[in-house]
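Report on the following structure.
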There are 2 protein chains.
Amino acid sequence: MATIKEVSLLARVSPATVSRVLNGTTPVASATRVRVLEAVEALQYKPNAFARGLATNRSGGIGVTVNAVSSPFFGAFVAGVEQVLRPAGIHLMLSSGFADLANERESIEFLLERRCDGLIVQAERLDDGFLVDLVRGPTPVVIFGRRIAEIADACVVTDNELGGRLATAHLLDHGHRRIGHVTGPLAFPDARARLHGYRRALEGAGVAYDERYVVESTFDEEGGAQAAVRLLERAPELTALFLSNDQMAAGAMRALRERAIEIPTDLSIVGYDDVFLARYLTPALTTIRQPLVDMGRTAAHLLLGRLGHIGEEVVHRFDPELVERQTVARVAA
Amino acid sequence: MATIKEVSLLARVSPATVSRVLNGTTPVASATRVRVLEAVEALQYKPNAFARGLATNRSGGIGVTVNAVSSPFFGAFVAGVEQVLRPAGIHLMLSSGFADLANERESIEFLLERRCDGLIVQAERLDDGFLVDLVRGPTPVVIFGRRIAEIADACVVTDNELGGRLATAHLLDHGHRRIGHVTGPLAFPDARARLHGYRRALEGAGVAYDERYVVESTFDEEGGAQAAVRLLERAPELTALFLSNDQMAAGAMRALRERAIEIPTDLSIVGYDDVFLARYLTPALTTIRQPLVDMGRTAAHLLLGRLGHIGEEVVHRFDPELVERQTVARVAA
DNA sequence: GCCGCACATGAAAAGGCTTTCATGAAAAGT
DNA sequence: ACTTTTCATGAAAGCCTTTTCATGTGCGGC
């Protein structure tokens with residue numbers, strides 16, 4: 001593989017000049033510039049990323065941590081990130097935290113050691129303090145999917161409370177008054193915000209919040225199934241259920257079907273996330289969509305800004321929206 | 001950030017010795033070793049990846065290209081890869097090709113320029129010749145999901161023909177004789193192999209292959225929907241359909257439901273891939289599963305082997321298996 | 001027609017690590 | 001006890017860029 005020196009020899013200039021041509025740092029006489037470019041072409045010269053990194057202390061790569069590469073979220077989000085970073089010549093270094101505290105921390109340290117120029121972090125378990133320190137540290141960081149007040153302008157989030165309100169309001173609009181809610185683990189801010197939105201929507205409609213109608217569970221199918229069953233045993237008068245994510249909703253739907261509860265005739269359901277599968281459930285799931293691709297793009301733009309590239313104006317908080325499908329029925333008022 | 005020199009000063013040794021301790025390249029007297037390690041600890045020293053790369057010409061990272069990060073495939077596969085690479089201290093550099101020829105080539109070149117130590121490539125569009133050259137080039141490469149005879153030991157694949165046979169045999173076993181097949185674009189070797197399996201299974205069961213029963217389409221829902229409709233118009237006597245992937249099957253199911261064709265009563269369906277959504281379709285889709293996580297792990301192991309790490313014995317060709325759910329009904333013989 | 005300037009370019013240092021080669025001390029052999 | 005070998009360690013070169021500083025050329029201004 002050719003080095004800058006060989007190029008400089010062929011072009012009869014110094015290595016410094018080659019560097020200048022390639023990086024555009026200093027004007028170079030156009031005659032010499034062409035000579036250099038020809039030499040580069042002839043030798044198929046590609047700058048050595050290590051040497052460049054050593055000299056500039058920048059890597060041209062940014063790190064991305066996600067809770068789980070295999071989560072359905074992840075794909076759309078990373079696709080968005082890549083869409084903007086790739087044209088900027090920046091590559092992605094990937095590491096997943098598998099929703100485990102130690103692992104998430106390790107992922108980040110791993111990436112940091114690799115001296116990436118910036119970091120996009122989607123963390124579920126790490127506490128706010130850690131993230132605040134991280135953002136205030138030397139490496140530019142943007143936090144995805146979590147809003148932390150002290151570092152709000154490093155965060156790209158959706159308004160989970162709004163989402164919770166939308167979901168609940170949709171049910172209220174359809175005449176439901178006894179609406180249950182299965183939250184995710186309340187350790188997750190997302191789950192808390194959605195719950196809060198649920199509560200506010202109810203109160204806004206003059207429906208009293210009843211804590212018997214709320215149950216906390218895990219963010220997976222099994223969690224949704226069990227919680228739904230438990231909730232209906234405890235409060236059979238419920239006419240609708242809002243679940244804190246689509247997987248949970250899917251689990252609930254299955255469990256209820258097994259118990260011969262018709263959806264939406266007997267019970268209406270709203271999920272959250274508009275994950276791929278929502279469309280495929282039967283009946284198709286009414287849910288709340290987060291604009292993941294856009295959020296990925298935004299996170300990337302934000303990071304570019306922090307890296308000193310010309311920053312676009314950027315929205316930090318995205319509004320989720322309701323996607324109406326077939327799991328909500330109207331109920332007599 | 002501390003450098004090796006500062007460590008060496010603190011430990012009262014030369015930088016060379018520090019390097020030796022850290023890399024274990026040369027034995028070091030245990031007394032000095034402890035001193036060095038203590039100094040490393042005290043200064044929180046992390047070797048500079050650039051300098052190291054420059055000196056060794058290795059990056060400690062491997063590149064992964066996939067056709068689309070957002071494909072449901074991708075997550076499971078990458079998770080497998082990461083499971084083995086991460087403990088080896090190797091990081092992933094990611095680039096997606098978006099199933100576009102120019103893009104795929106570019107992805108690979110991008111990664112190569114970044115001097116990654118190895119490459120795991122899942123390419124859909126690139127021709128065999130390119131991949132052969134790539135594998136024979138200086139950088140270790142393993143090819144995922146595609147078998148090329150000349151470089152078979154760099155390939156990790158499933159036996160798509162076997163998969164096609166399994167799907168078809170399952171239908172035959174259930175008494176079906178008039179079985180349609182919607183193939184993916186025949187430009188894809190996977191699609192060809194599945195078709196071939198379908199054909200062999202039929203012939204093995206003494207059922208004549210009828211090309212009116214086969215239609216080529218795209219690997220997405222729309223493709224599946226249109227092809228299924230077309231096929232049934234052309235050959236209403238069909239009692240079963242084997243589709244070359246799950247997305248297609250999902251599309252077909254939806255289109256058929258709209259035409260009041262009951263599944264599996266009126267028509268049985270088998271998909272391929274056992275993508276996440278297969279479980280969630282109603283009725284749940286009977287399909288062929290590929291062990292993606294295992295394949296990812298294997299690809300990673302294989303690459304490690306080529307990188308000179310102790311290589312585990314490795315299986316290159318995985319057997320897919322049938323996952324029986326609810327879209328196949330028995331038919332009177 | 002001379003001085004000072006701008007401008008293009010080169011020389012060289014710096015960046016942090018690995019690795020080869022050399023050296024000195026200790027261990028083994030006679 | 002003296003030479004030979006082994007072993008631990010240090011000195012220094014090399015990896016390839018970028019970037020600062022210096023130099024030389026040609027030009028405009030007086």
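Letters A, B, ... mirror the listed sequences (proteins, then strands); counts begin at 1.
- Of the candidates C:dG16, C:dT9, D:dT18, D:dT18 carries the atom nearest the A:S19 side chain, counting heavy atoms from C-beta on.
- Rounded to an integer number of Å, the gap from CG of B:L54 to P of C:dT18 is 11 Å.
- Whole-Å rounding puts the B:R58 CZ to C:dC17 P distance at 16 Å.
- For the OP1/OP2 pair of C:dG10 and a distance below 4.0 Å, the side-chain nitrogens and oxygens of A:T17 include at least one atom meeting the criterion.
- Considering only side-chain N and O atoms, A:N23 lies under 4.0 angstrom from the phosphate OP1 or OP2 of D:dT18.
- Taking only side-chain nitrogens and oxygens, B:R52 comes nearer than 4.0 Å to OP1 or OP2 of C:dT18.
- What separates CZ of B:F50 from C1' of D:dT18 is a distance of 13 Å, to the nearest Å.
- For B:N48, whose side chain is taken as the heavy atoms from C-beta onward, the closest listed nucleotide among D:dA12, C:dC17, C:dG10 is C:dC17.
- Between B:I108 atom CD1 and B:F130 atom CZ the span is 4.5 Å, to the nearest 0.5 Å.
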CA sep, side-chain torsions, deciding dist, call: B:K46, A:E109, salt bridge (charged side-chain N to carboxylate O under 4.0 Å, His left out) | CA-CA 11 Å; B:K46 310 264 186 255; A:E109 275 161 10; over 6 Å; no

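- Not one side-chain nitrogen or oxygen of A:T25 sits closer than 4.0 Å to the OP1 or OP2 atom of D:dT18.
- Within a heavy-atom distance below 4.0 Å of DNA chain D, the residues of residues 2-13 of chain B found are B:R12, B:V13.
- Candidate nucleotides D:dT20, D:dT17, D:dT9 were compared by shortest atom distance to the side chain of A:R20, and D:dT20 ranks first.
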Worked check of salt bridge (charged side-chain N to carboxylate O under 4.0 Å, His left out) between A:E106 and B:R86 = CA-CA 10 Å; A:E106 217 177 84; B:R86 176 84 167 279; 3.7 Å; yes

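- Regarding A:R35, its CZ atom lies at a distance of 12 Å from the C1' atom of C:dA8, rounded to whole Å.
- Taking CG of B:D294 as the start and CD of B:Q83 as the end, the distance is 8.5 Å to the nearest 0.5 Å.
- Computed from coordinates, the A:R115 CZ to C:dG15 P distance equals 14 Å when rounded to whole Å.
- Across D:dT19, D:dG10, C:dT18, the shortest atom-to-atom separation from the side chain of B:A55 is found for C:dT18.
- Residue B:T56 places no side-chain N or O under 4.0 Å from the OP1 or OP2 atom of C:dT18.
- Taking atom CG on A:N57 and atom P on C:dG16, their separation rounds to 8 Å, with Å as the unit.
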Between B:F50 and B:L54, is a side chain to side chain contact (heavy atoms under 4.5 Å, CB included) present by the stated rule, with each step listed?
-> CA-CA 6 Å; B:F50 301 134; B:L54 190 54; over 6 Å; no

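- Just one of A:R147, A:R317, A:Q290 meets the side-chain hydrogen bond (donor to acceptor under 3.5 Å, both in side chains) condition when paired with A:T158; it is A:Q290.
- Residue A:P15 places its side chain closer to D:dT18 than to any other of C:dG15, C:dT9, D:dT18.
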